[in-house]
Each structure stands twice: as C-alpha cells, then as structure tokens.
Amino acid sequence: MRYAAFLRAVNVAGNALPMAALKAMLHEDLGFGNVRTYLQSGNVVFESKKRNAAALEDALQRETLDRLGVRTEYFVRTAADLQEILERNPFEREAVDGPSHLIAFILKDAPDQQRVAALRAWIKGPELVQAGTRHLYITYPDGIGDSKLTNVAIERVLEGRGTARNWNTIRKIHAALVEG
C-alpha cells in the first residue's frame, strides 16, 4: 500500500528534520519501501504493508521522536484520499489561476462544522474556508504571508492540529502516489 505522510511544523522555528535522515529512518530503520521525500517541509511518500493510516501516524510520530529527536505530527493519506481532495475542491478557479494561494489544511479527523463556522466568523480578511472530509480548503486571495489566518489561528479556533500544503504540493504528492 502506498501512502503520503505530511509532517507538521518541521524545518520551521528550530524544529529541524533533515529529509535525508527522515528517508533513511523510514527505509533503513523501519523497512518501508520506495521512500521519497518532497521539498523540505515534510512530505514523504512510501510503501507499507500496514493498512491502518492512524496506526502508521502514531508509530511514525514515536519513531521520529525516539530515533531523530524531533517532535512532530504525521498526517497519513492514500492516493484515494488525495484524489478526493482534488476532485471535491470547491475553489476550481483558484486552483487554476492561483494554486499557491489555495491550500488544503489537513486534519486528523473530520472538522467540526460548528468550529468551521466559528473560523469563518473569525476571518476579517478576504480568505474563504470550506470543509472537506478530513481537511479544509482555504483560499488566500491576497497571499498567505500577510494574512491573519495563520495555522496557529486555525488550530486555535478548530481546537485541533493540522498541517497546510498548497495546491501545487497536493497535486505533486498525489501524482507521486499514483505514478509510483
């Protein structure tokens, strides 16, 4: 089974995790197959005989802390999960015209609809939010850099943790899963 893992908050704010060390841990230490990392922000594609994504998340989080000394969270998805994100995108125009301004905010579980409504009410800028199954779609028409809608703000309002990837990254990781 092929999986993509999105790591939360690595290689930012002093939480350094060299991708070569991550790749070596997954392949050499844990025995996962066809391990590839993408970018420096914590994206990895791998093969595993395990079929429970939640169990993989827990195991990878423990192993990364124990073996590499880095505390992070993993969000593991299949090709079908990413295909769903791509197909159900409510912001089709933004995906074409400004894919770097459209993100998938990946969550452990389905977002609470009341919390999503609270997040929408909290937003004072032009950003738009739509809920997916275990993710949010968020557009940043004026760019992400100056937006008040930060990951920290999103997590505080949702009362849960997540990790954001722009549309280009989601497409690339999906392609890597599908193409092998």
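Counting heavy atoms from C-beta outward, V44 and K23 have side chains that stay 4.5 Å or more apart.
In this view, K108 and E57, Q61, E73, F75 satisfy the side chain to side chain contact (heavy atoms under 4.5 Å, CB included) rule, not counting sequence neighbours.
No donor-acceptor pair under 3.5 Å is formed between the side chain of T139 and the backbone N or O of P141. A donor-acceptor distance shorter than 3.5 angstrom exists from the side chain of T64 to the backbone of L60, with no hydrogens or angles considered. For D81 (side chain) and T78 (main-chain N/O), a donor-acceptor pair under 3.5 Å exists by modelled atom type. Looking at H101, its side chain does come within 3.5 Å of a backbone N or O of Y140 through a donor-acceptor pair. Y3 places a side-chain N or O within donor-acceptor distance of the main-chain N or O of K50, the cut-off being under 3.5 Å. Side-chain N or O atoms of N34 include none that pairs as donor or acceptor with a backbone N or O of F46 at under 3.5 Å.
Ion pairing of E155 with R8 is present here, as a side-chain N (NZ or NE/NH1/NH2) and a carboxylate O approach within less than 4.0 Å. A salt bridge links R67 to D29: one of the charged nitrogens lies within less than 4.0 Å of a carboxylate oxygen.
Here the CD1-CD1 distance, from I138 to I144, works out to 9.0 Å after rounding to the nearest 0.5 Å.
Ring geometry for Y137 versus F91: interplanar angle over 60°, hence perpendicular rather than tilted (30 to 60°).
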List, one per line, each side-chain donor-acceptor pair under 3.5 Å for residues 173-180, sequence neighbours excluded.
unit_1	atom_1	unit_2	atom_2	d
H174	NE2	Q83	OE1	2.8

